[in-house]
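See structure below.
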Amino acid sequence: MRVSSSRTEFTMPAVVLVTLIALAVAPAFGQEGSTSQSQNSTNKAETRRAALSSSADHTGVLQGTVANQAGERLPGASLNLTPKSAGQSGRSTVANEQGEYRFSDLAEGPYSLRVTMNGFKESTQTVTLPGGATITLENIALEVADVSATVAIVADGEGLNTSNTAPPVSFNQNKLETLPLVNERFQDALPLVPGVVRGPDGMLNLKGARSSQSGMIVNSANVTDPVTGESAINLPIEAVQSVEVLTNPYSAEYGQFTGAVTSVQTRSGSEKFQANATSFFPRPRRRGGSFVGVEAFTPRVTFSGPLMKDKLKFFQSFEYRYVRTPVDNLPPLSRDTDLESFDSLSQLDWDIDDQNHLTTTLSLFPEKLRYVGLNTFNHQEVTPNFKQRGFLLAVNERLIVNSKSVLESSFSVKQFDADVFPSSGSAPMNFAPDGNSGKFFNQQTRQSKRYQALETYSFEGPNFAGTHLLKVGGGVSYVTFDGRNTSNVVCILRADGTRSQQFDYQGNGRLSRNKTEFLAYFEDKWTLNRRLTFEYGVRYDRDNVAGENNISPRIGFAFLPLVDGRTVVRGGIGIFYDDINLNVATFSQLQDRILTHFGPNGLQVIGLPERQRFQFTGEKLHTPRSVNWNLEFDREWLKNLFVRVGYQQRQARREFILNPIDPIDSGSHGAILGVDNSGSSRYRELEVTARYKFREHDEFTASYVRSSSRGDLNDFNSYFSNFQNPIVQANERSRLPWDVPNRFLFQSEFHVPYRITLVPVLDIRTGFPYSIIDEERNFVGPRNLAGRFPNFASLDLQILRTVSLPGRFDKYRVELGLKVFNLTNHFNPRDFQNNLASDGFGGFYNSVGRKYGTRITFVKK
């Protein structure tokens with residue numbers, strides 16, 4: 001039993017009421033084979049039923065994991081279990097995505113376990129299984145094959161990952177618990193990947209891509225919002241088994257993005273009942289020298305265990321979050337943004353037999369946000385509220401056809417509904433030089449649902465000029481979207497308070513669009529010899545919005561230039577096609593805008609009001625695409641000192657851009673807000689990363705990234721995503737808002753005496769660029785070239801210590817933790833007064849100072 005209580009800046013120990021959720025699953029999967037195979041399966045089933053009914057206590061389990069010498073798990077390893085006693089048949093299985101295997105319903109006695117995988121030496125060992133026992137063999141270590149062998153995966157240098165042509169950056173459950181994460185969510189770990197930054201709008205930008213251009217999948221299901229393309233799921237951090245960030249996903253199975261992709265695997269149930277509870281006390285809110293209400297209340301409960309021994313396991317995690325986050329330079333009682341959410345993940349894992357595994361996952365993630373975008377210039381009354389409702393139901397089956405092939409089937413349904421609305425009332429929204437006032441102008445109601453079915457067949461091909469690991473797959477998805485988008489009056493005020501411009505909106509704002517998507521792909525991991533591996537493939541995508549046949553060829557390689565196996569040169573190039581978000585597909589259904597100009601007194605109308613309507617100004621809709629390539633050099637220079645030097649470039653085209661066109665230029669009676677595919681962006685990156693491992697669990701990692709992000713600034717989502725921007729100026733090509741030329745990132749985990757663990761993270765980077773505007777909200781000079789925010793620097797630290805309890809409590813231990821964010825209290829402003837007409841022009845505001853938190857965890861040994 002594990003009970004923990006923690007305090008962080010946003011999560012504190014609290015009391016939670018846990019509701020038991022029962023998830024009933026009754027799918028049936030059948031496979032037809034030859035007569036002999038069917039008879040063999042029948043005989044096995046009858047034998048097992050007889051054994052269970054007569055002597056269930058005498059059957060045992062053999063389980064564990066397979067890894068290389070560096071300790072890296074090896075999914076896809078083949079395992080053959082042969083009994084040494086006469087009259088018993090052998091078993092075979094394949095390690096799953098986490099490198100795990102399991103044999104159940106085993107009679108007592110000696111067995112021979114043989115483990116094989118392309119590129120590694122065969123491992124054989126004898127295991128004696130007592131009656132009714134469960135034996136776990138963790139990390140069966142496979143050695144790399146000799147030079148003469150054909151190799152798909154090479155790992156000669158200890159700790160040097162040469163498994164893939166484009167290896168991902170991974171975070172396992174233990175790492176997520178150890179890192180100082182401010183919100184204790186897995187998304188907080190992503191900026192620790194070189195080249196991933198959280199932009200000035202709070203969104204994640206992976207490798208220079210816009211936040212809507214990167215993909216996110218959970219257990220093979222697409223979990224992005226089909227309307228905006230943004231990530232649209234929340235998971236309790238205890239429910240996450242692993243997070244992988246694929247910055248160069250050359251594998252053809254990944255698609256519908258032009259940036260990077262984040263893949264999340266959720267946790268399975270355990271063989272013994274386990275429970276975990278954390279954050280069981282609310283943190284009071286202190287404002288203006290007094291305690292006023294609750295600032296944070298974030299209880300989390302997790303439990304798992306078997307429902308049927310060796311057959312059915314469950315995992316359940318709940319998280320309730322109520323968090324108030326202050327903007328310190330606002331009045332004490334009106335400086336908080338409010339978040340309230342309830343996240344739940346339920347998972348059932350059913351071992352139908354040794355060859356067939358079924359996983360069913362249900363995730364719920366309702367959330368309410370008040371005062372979104374609260375800052376120095378937007379007080380509570382002018383900010384919007386946001387409410388989301390949704391669920392993800394995913395069913396995944398993994399069938400081991402034989403020792404050389406696996407068939408994976410998945411089906412998912414994801415619903416995501418969102419509402420955006422002002423805090424109260426319907427007063428006009430006023431944009432003024434010193435700060436905005438009134439009520440947020442836009443209201444949205446959206447309902448969307450995605451149905452997705454995928455089928456993947458992986459198999460070992462013939463050994464022609466080396467070994468081949470082949471994968472073919474296909475799928476279909478159907479998306480529905482209905483909603484309404486309406487806006488109220490918007491006024492632009494001068495410094496003296498008079499009206500300069502006013503926007504009115506006409507139309508019902510009703511939106512509706514469905515989309516059907518098809519995909520197919522083929523890929524081959526081809527190992528010519530021990531020193532050279534290629535991974536190539538092609539992907540096909542088509543949807544009924546653009547109606548285009550999109551072909552995406554890709555190829556990557558890994559080459560060992562030296563015989564010592566301590567140097568790897570990798571690279572690749574590929575074409576990637578994005579998804580067309582449904583906010584773009586329905587832009588012509590948005591309300592028209594009426595723009596009126598006023599004289600110096602703010603009352604006299606200048607000229608005639610101008611109607612602005614949305615119109616696609618290109619020939620036809622095209623699917624955005626990018627060409628991504630990289631080249632990197634990995635070397636173990638000294639024992640346990642690993643250095644990577646890499647260059648990456650991403651060139652995206654056909655991006656959707658919004659551009660106002662005057663009536664004279666448009667040749668019509670009114671102005672046009674034109675949308676077309678003329679946008680582009682470019683990202684270049686040079687990365688140098690060093691990692692040093694010492695002792696058993698300690699390591700230092702330091703990276704430097706020199707990068708450049710440039711592109712068109714009027715991308716559609718900048719104006720018509722969740723929180724809309726009514727002021728649209730002419731498009732320009734310049735630095736993108738998240739452009740960071742220089743970034744140094746340091747993270748470490750090391751253990752010191754007295755069972756203390758230190759986990760520091762240091763992030764130093766160039767400040768984001770900014771623009772200057774006048775009182776009419778026109779840009780002065782080129783956009784994003786007026787200057788930059790001050791350099792950002794933050795040292796975060798978590799200190800952990802384990803204490804054994806004395807006396808009759810010696811079966812328990814306590815894990816104590818202290819978190820500190822921005823330890824040096826560095827000034828990291830988030831707001832800049834860029835309006836020339838304001839008396840405060842040029843000022844920086846809204847820095848987050850030093851923050852503390854504690855963590856207390858009770859663990860039964």
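Residues: numbered from 1 along the sequence shown.
- Looking at T302 and Q316, their side chains never come closer than 4.5 Å, going by heavy atoms from C-beta outward.
- What you find for Q187 and R198 is that their closest heavy atoms are O-NH2, 3.7 Å.
- In terms of heavy-atom proximity, F598 sits nearest to L603 at CD2-O, 3.7 Å.
- When all heavy atoms of S317 and A239 are compared, the closest pair comes out as CB-CB, 4.1 Å.
- D336 and R324 are not joined by a salt bridge, as no carboxylate oxygen comes within less than 4.0 angstrom of a charged side-chain nitrogen.
- Without hydrogens or angle criteria, E610 side chain to I594 main chain gives no donor-acceptor distance under 3.5 Å.
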Derivation and outcome, side-chain contact (heavy atoms from CB on, under 4.5 Å), residues L392 and I233:
CA-CA 9 Å; L392 169 67; I233 193 170; 4.0 Å; yes

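- Applying the ring pair (Phe, Tyr, Trp, His ring centres under 6.0 Å) test to F587 and every residue at least two apart in sequence or in another chain returns nothing.
- Defined by atom type and a distance below 3.5 Å, a donor-acceptor pair is missing between the side-chain atoms of T278 and N276.
- Looking at W738, its side chain does come within 3.5 Å of a backbone N or O of G208 through a donor-acceptor pair.
- The backbone N or O of D739 sits nowhere less than 3.5 Å from a side-chain atom of R735 that would complete a donor-acceptor pair.
- F416 is listed as a side-chain neighbour of Q388, based on a closest heavy-atom distance under 4.5 Å.
- The pair D338-K368 does not count as a salt bridge, with every side-chain nitrogen at least 4.0 angstrom from each carboxylate oxygen.
- Between the T337 side chain and the V372 main chain, no donor and acceptor come within less than 3.5 Å of each other.
- Looking at residues two or more places apart in sequence or on another chain, you find a ring pair (Phe, Tyr, Trp, His ring centres under 6.0 Å) between F720 and F614, F716.
- L816 places none of its side-chain heavy atoms less than 4.5 Å from the side chain of L818.
- One side chain, N234 or E367, offers a donor N or O that lies under 3.5 Å from an acceptor on the other.
- Side-chain atoms of R850 come within 3.5 Å of backbone atoms of L823 as a donor-acceptor pair (strictly under, hydrogens ignored).
- In this structure N828 satisfies the side chain to side chain donor-acceptor pair (under 3.5 Å) test together with H826, sequence neighbours excluded.
- Under the salt bridge (charged side-chain N to carboxylate O under 4.0 Å, His left out) criterion, no residue pair touches residues 503-512, with sequence neighbours excluded.
- Between R788 and T766, the closest side-chain pair of non-hydrogen atoms falls below 4.5 Å.
- Neither side chain, S211 nor N205, offers a donor N or O lying under 3.5 Å from an acceptor on the other.
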Could you walk me through whether N835 and D774 pass the side-chain contact (heavy atoms from CB on, under 4.5 Å) test, one step at a time?
CA-CA 5 Å; N835 197 307; D774 60 21; 5.5 Å; no

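- With sequence neighbours excluded, the residues forming a ring pair (Phe, Tyr, Trp, His ring centres under 6.0 Å) with F832 are Y770, F844, listed by chain and number.
- Annotation: side chain to side chain donor-acceptor pair (under 3.5 Å) contacts involving residues 420-429, sequence neighbours excluded, comprise S424-K439.
- Identified under the salt bridge (charged side-chain N to carboxylate O under 4.0 Å, His left out) test for residues 828-838, with sequence neighbours left out: none.
- E776 is linked by a side chain to side chain donor-acceptor pair (under 3.5 Å) to S500, Q501, counting only residues two or more places apart in sequence or in another chain.
- Of the N and O atoms on the side chains of N442 and S487, at least one donor lies less than 3.5 Å from an acceptor on the other residue.
- No side-chain heavy atom of N385 sits less than 4.5 Å from a side-chain heavy atom of V420.
- Closest approach of A837 and A495 over heavy atoms only: O-CB, 3.9 Å.
- Distance alone, capped at 3.5 Å, places no donor-acceptor pair between the D225 side chain and the E230 backbone.
- Across every non-hydrogen atom of Q591 and G507, the tightest pair is NE2-O, 2.8 Å.
- Inter-residue side-chain proximity for L797 and V759 is flagged as unmet; no heavy-atom pair is nearer than 4.5 Å.
- Side chains of N583 and T228: no donor on one and acceptor on the other come within 3.5 Å.
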Mind running side-chain contact (heavy atoms from CB on, under 4.5 Å) on V490 and F431 for me, showing each step along the way?
CA-CA 8 Å; V490 174; F431 288 81; 3.6 Å; yes

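- Salt bridge R446/D417: absent, no basic N to carboxylate O contact under 4.0 Å.
- Between Y320 and F297, the distance from one ring center to the other falls under 6.0 angstrom.
- Using modelled atom types, no side-chain atom of D712 and backbone atom of N714 make a donor-acceptor pair closer than 3.5 Å.
- Panel note: side chain N725, backbone V728; no donor-acceptor pair is recorded below 3.5 Å.
- Under the 3.5 Å distance criterion, with hydrogens and angles disregarded, no donor-acceptor pair is assigned to the side chains of N375 and N846.
- Identified under the salt bridge (charged side-chain N to carboxylate O under 4.0 Å, His left out) test for residues 374-391, with sequence neighbours left out: R389-D419.
- Between the side chains of R611 and Q506, at least one donor N or O lies within less than 3.5 Å of an accepting N or O.
- Residues passing the ring pair (Phe, Tyr, Trp, His ring centres under 6.0 Å) test with F723, sequence neighbours excluded: F386.
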Check step by step if side-chain contact (heavy atoms from CB on, under 4.5 Å) holds for L190 and T262.
CA-CA 9 Å; L190 302 189; T262 301; 4.0 Å; yes

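- Here E177 does not pair with K175 in a salt bridge; the nearest charged N to carboxylate O distance is not below 4.0 Å.
- Exactly one residue among K851, R287, R285, R335 makes a salt bridge (Lys or Arg N to Asp or Glu O under 4.0 Å) with E295. That residue is R287.
- Under 3.5 Å, the side chains of N731 and N659 contain no donor-acceptor pair of N or O atoms.
- Checking S334 against Q380 by side-chain atom types alone, no donor-acceptor pair falls below 3.5 Å.
- When side chains are defined from C-beta on, K449 does not count as touching K414, because their heavy atoms never get closer than 4.5 Å.
- Side-chain contact annotation: S279 with E184, donor-acceptor N/O pair under 3.5 Å absent.
- Put simply, the side chain of E319 never gets that close to the backbone of P299: no donor and acceptor are under 3.5 Å apart.
- Between the side chain of R210 and the main chain of S681, no donor-acceptor pair closer than 3.5 Å is present.
- You'll find the side chain of Q724 stays beyond 4.5 Å of the side chain of Y719, heavy atoms only.
- Residues satisfying the side chain to side chain donor-acceptor pair (under 3.5 Å) test with D343, not counting sequence neighbours, are R185.
- Applying the side chain to side chain donor-acceptor pair (under 3.5 Å) rule to S707 yields no partners; only residues at least two apart in sequence or on another chain are considered.
- The structure places CZ of R321 at 5.5 Å from CG of N183, a figure rounded to the nearest 0.5 Å.
- Summarising the geometry of V740 relative to F768, their closest heavy-atom pair is CG2-CE2, 3.6 Å, with the distance given to 0.1 Å.
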